[in-house]
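Worksheet: the structure to be examined is printed underneath.
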Amino acid sequence: MSTLLVWKEQLQKIYAKYSTYIMKALQFVLGLCVFGLINSNIGFMKAASSILCTVGLSVVCAFLPLVVMVIAATVLVLLHFYTLSMPIALVSLVIFLIMYIFYFRFTPKKAWLVLLTPVAFALKVPFVIPVAFGLLGTPIWVLPAAFGTIAYYMIHFVKVSSSAYKGADAKSLVEGLMAFTKQSLNNKEMWVMVLAVSISILLVYAIRTRSIDHSWKIASAVGAVAAIVVGTAGNIAMNVHLSYVLLTVSGVAAMLAGLILEFLFFSVNYARTERMQFEDDEYYYYVKAVPKVGVSAPEVSVKHINERKEQADSQETVVIDSQDVKQAVEVKKRPPQKRRPAPKPRNQVRKVDHARAADEILLTRSLTRELGLENLEDELNK
């Protein structure tokens, strides 16, 4: 467990250092999944379903906000629908507009929720979405999850029944419009999955926010089981054709996803839980403090054992000529030559400070007079 915690700390440091590049890379991968799944399932327009178009849209959307990717995916779906049949494109456009009105009203900054839901359904693990959304989000995340589910089933329905709408003439436009609208809105399997996802998100959020030990684990298990139960009940009551194996595998994957999310975002030590109680003039406070689990990464010190050997190996061998050695020895044996002093220039006129010399003469005479040394000098001269 400590090793996993060390890895977690290292991953957090790497993410903090390169978060911009990591987010752009994840956004690019998400674009590849979204546009790739759309083109592989309903690639009716050959030009838009090419690999170049998929990669190009992913690269462009990686450097733009995620809401741009949502709009680009919607436009791509409508282009494929229009290539198949105009009534399908018109009905889908109205449904998308209604969904996006509620989406931009309540969750405008959660575009990735709408994109992840169809991807999870396409990967056959739909119940991972409600568990993850309930653990990390709020009840309002039910809306983007439901919209993503509806978008997936619209694409799936067109993929299955594309042969019935291909090649329709102008007379059958109204009939095709009414038929597609009725079949899309009366899709029982779609509404069962919307109900299962919504109930699971609300249950996971309700349990996760309670002050009970291991709330994230309990919420993940309850949410996955609730989604399986709702899917099974709808399968029996409404006579839909949901695979029980798919429901079970998706529920197990949802539990594993909940454990991974708990390890990444909510690692706590319930054994050291502390409960405190205090009050003020108006309220009593009951506080439950649960410490986080954290392990600092150990510092690795490298010790060089074969340092002398490396130094000896790193020394280079230099080849010296014997003639050069003899010349160097002869130069050293020669006695050092004395340097002659530089000759002084002749007829050099010495500069004399006359003012200073006059002051010295006057000072000498005044001292001689005061001390009575004039007579002494005269006697000595005689």
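FYI, side chains are in, hydrogens and waters are out, and symmetry mates aren't considered; it's all heavy atoms of this structure.
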Q.
Quick check: closest heavy atoms across L78 and S92, and the distance to 0.1 Å?
A. CD2-CB, 3.8 Å

Q) Hey, quick one: are W112 and V128 part of the same hydrophobic cluster, counting side-chain heavy atoms closer than 4.5 Å, chains of contacts allowed? A) yes

Q | Check: A47 main-chain N/O paired with S50 side-chain donor or acceptor under 3.5 Å | A | yes

Q: List the steps, then state whether side-chain contact (heavy atoms from CB on, under 4.5 Å) holds for I95 with M99.
A: CA-CA 6 Å; I95 295 175; M99 289 192 302; 4.2 Å; yes

Q. Checking T273 side chain against V290 main chain: does a donor-acceptor pair fall under 3.5 Å?
A. no

**Q.** Co-membership, hydrophobic cluster, residues V252 and I218, 4.5 Å side-chain
**A.** no

**Q.** For I201 against A145, the heavy-atom pair lying closest together
**A.** CD1-CB, 3.7 Å

Q: Might you point out which heavy atoms bring P118 and G148 nearest each other, and give the distance in Å?
A: CG-O, 3.5 Å

**Q.** Beyond-backbone contact of L66 with L30, side-chain heavy atoms, under 4.5 angstrom
**A.** yes

Q: Output the rest of the hydrophobic cluster of M276: all Ile, Leu, Val, Met, Phe, Trp and Tyr residues reachable through side-chain heavy-atom contacts under 4.5 Å, sorted by chain and number.
A: F278, Y283, Y285, V287

Q. Linking I/L/V/M/F/W/Y whenever their side-chain heavy atoms sit closer than 4.5 Å, directly or via other members, would M69 and Y21 fall into one cluster?
A. no

Q.
Using modelled atom types and a 3.5 Å cut-off, is there a donor and acceptor pairing between side-chain atoms of T117 and backbone atoms of L113?
A. yes

Q. For the residue pair T248 and I228, what are the closest heavy atoms and their distance?
A. CA-CD1, 4.3 Å

**Q.** T149 side-chain N/O to V194 backbone N/O, donor-acceptor pair under 3.5 Å
**A.** no

**Q.** Side-chain heavy-atom pair F28, L32 within 4.5 angstrom cut-off
**A.** yes

Q: Please check if L247 and V249 belong to a single hydrophobic cluster, counting links between Ile, Leu, Val, Met, Phe, Trp and Tyr side chain heavy atoms closer than 4.5 Å.
A: no

Q.
Would you say OH of Y18 has more than 12 non-hydrogen atoms from neighbouring residues, nucleotides or ligands within 6.0 angstrom?
A. no

Q) Do the rings of Y270 and F266 sit parallel, tilted or perpendicular, given the 30° and 60° boundaries? A) tilted

Q.
Can you tell me which residue among Y205, F147, F133 is in a ring pair (Phe, Tyr, Trp, His ring centres under 6.0 Å) with W141?
A. F133

Q.
Quick check: is I260 connected to V131 through a chain of hydrophobic side chains (ILVMFWY, heavy atoms under 4.5 Å apart)?
A. yes

Q) Can you tell me if Q27 uses its side chain to pair, donor with acceptor, with the backbone of C61 under 3.5 Å? A) yes

Q: Anything under 30° is parallel, anything over 60° is perpendicular, the rest tilted; go ahead and classify H156 against Y153.
A: perpendicular

Q | Sole residue of I129, I155, V197 in side-chain contact (heavy atoms from CB on, under 4.5 Å) with F121 | A | V197

Q: Measure the shortest side-chain to side-chain distance between L259 and S220 over non-hydrogen atoms and say whether it is less than 4.5 angstrom.
A: no

Q: Verify the neighbour count for atom CG of L97: are there more than 12 heavy atoms of other residues, nucleotides or ligands below 6.0 Å?
A: yes

Q. Residues two or more places apart in sequence or in another chain: which of them pass side-chain contact (heavy atoms from CB on, under 4.5 Å) with A89?
A. F81, Y82

